[in-house]
Amino acid sequence: LASPLALPFCAPLLLAGETVVAVDGANCFELYRLTEWARRKRINPLELLQRLRAETGVAILFITHDFGVVADIADRVAVMRHGQVVETGPRAAVLGANDGIVSTTSLMIGVAAANADRPAILVAGLAGLVAGSASMALGEYVSVSSQKDTEEADIARESLELEATPDHELEELTGIYISRGLSPELAARVAEELTAHDPLGAHLRDELGILEHTRARPRQAAVVSALAFAIGSVVPVLVMALLGSGATSATRIVVSAVVALLMLGVLGTIGAQLGGAPPRRAAVRVVVGGVIAMAASAGIGQLLGATVA
């Protein structure tokens with residue numbers, strides 16, 4: 001395959017987890033060829049999915065217990081427990097608090113390790129809170145705006161197709177319902193009645209998977225992302241503020257790290273329980289990540305502080 005991502009791949013949705021399956025059965029063989037090519041080329045599966053989504057516009061429903069994977073590739077997150085969705089929202093809203101805790105605590109620990117005084121550490125923490133919240137909001141706004149542009153382009157194209165070739169669109173809708181298990185007669189009747197009621201809405205929902213309550217909302221995503229990061233950041237800032245001016249740098253570092261790691265462990269446990277994953281493994285994973293970030297920041301702060309001194 002000289003250009004595997006140029007395959008005639010038009011499945012509307014991929015179900016991804018330990019295996020990847022195209023909802024459109026006609027494309028399953030093409031998907032198999034694509035995954036085999038990636039395996040031979042030693043391409044990371046997540047990179048393959050990201051490239052496939054970027055170059056073909058296919059939607060991907062990724063089922064996983066690994067929040068690291070979620071943070072890397074997801075646009076939206078739904079947490080399920082016993083088959084029921086218990087939390088849903090933009091990726092940054094679900095995971096933003098963890099980002100705020102790790103980023104702001106690590107920043108303040110790095111400044112404290114450089115033997116800075118209490119006001120300088122608090123300024124760094126507040127600056128990190130504001131800058132991080134703004135960065136999260138901007139990044140989410142840009143990302144969701146791109147998603148919104150794609151949705152609007154799909155809606156415009158579907159409207160034109162309904163005007164130009166209504167009979168073909170009716171046949172297409174009928175075929176969708178037949179593929180879902182309805183008899184041809186019932187599928188045709190359902191398609192006709194839905195088309196008579198709201199043709200565009202029927203195609204957006206059943207052909208493109210665009211629902212009103214899941215439409216991309218850039219401003220909402222930006223606000224939620226900023227708030228999630230700020231909520232996670234404000235706790236370590238408050239902890240540092242409550243430590244008196246007489247506290248040593250070592251005390252500030254230890255107390256901030258302990259409180260942050262406890263928060264990360266609690267949030268990791270809660271997230272795992274909501275998702276039905278083993279809570280201990282999830283908590284350990286997020287705590288270890290926090291320890292690495294804080295240790296690296298402390299090392300840099302200590303090194304630069306000693307160099308300046």
Q.
Among Leu264, Thr269, Val291, Val266, which residue satisfies the side-chain contact (heavy atoms from CB on, under 4.5 Å) criterion with Val286?
A. Leu264
What pair of heavy atoms forms the shortest contact from [X] to [Y], and how long is it?
| X | Y | result |
| --- | --- | --- |
| Ala124 | Leu107 | O-CD2, 3.1 Å |
| Thr195 | Ala191 | OG1-O, 2.6 Å |
| Met108 | Pro236 | CE-O, 3.2 Å |
| Leu243 | Arg252 | CD1-CA, 3.7 Å |
| Ile109 | Ala298 | CG2-CB, 3.7 Å |

Is there a side-chain contact between [X] and [Y] (heavy atoms, below 4.5 Å)?
| X | Y | answer |
| --- | --- | --- |
| Val258 | Val254 | yes |
| Asp198 | Leu194 | no |
| Leu129 | Val234 | yes |
| Ser225 | Tyr141 | no |

side-chain contact (heavy atoms from CB on, under 4.5 Å) with [X]: which residues, sequence neighbours excluded?
| X | value |
| --- | --- |
| Ala153 | none |
| Asp149 | Glu152 |
| Thr150 | Asp154 |
| Ile178 | Thr174, Pro184, Ala187 |

Q.
Using a 3.5 Å distance criterion without hydrogens, assess whether the side chain of Ser106 forms a donor-acceptor pair with backbone atoms of Val102.
A. yes
Q. Is the backbone N or O of Leu186 less than 3.5 Å from a side-chain atom of Ser183, with the two atoms forming a donor-acceptor pair by type?
A. yes
Q) Which residues pass the side-chain hydrogen bond (donor to acceptor under 3.5 Å, both in side chains) test with Arg205, sequence neighbours left out? A) none
Q. Which residues satisfy the side-chain hydrogen bond (donor to acceptor under 3.5 Å, both in side chains) test with Thr248, sequence neighbours excluded?
A. Thr251
Q) Is the shortest side-chain N to carboxylate O distance from Arg189 to Glu185 below 4.0 Å? A) no
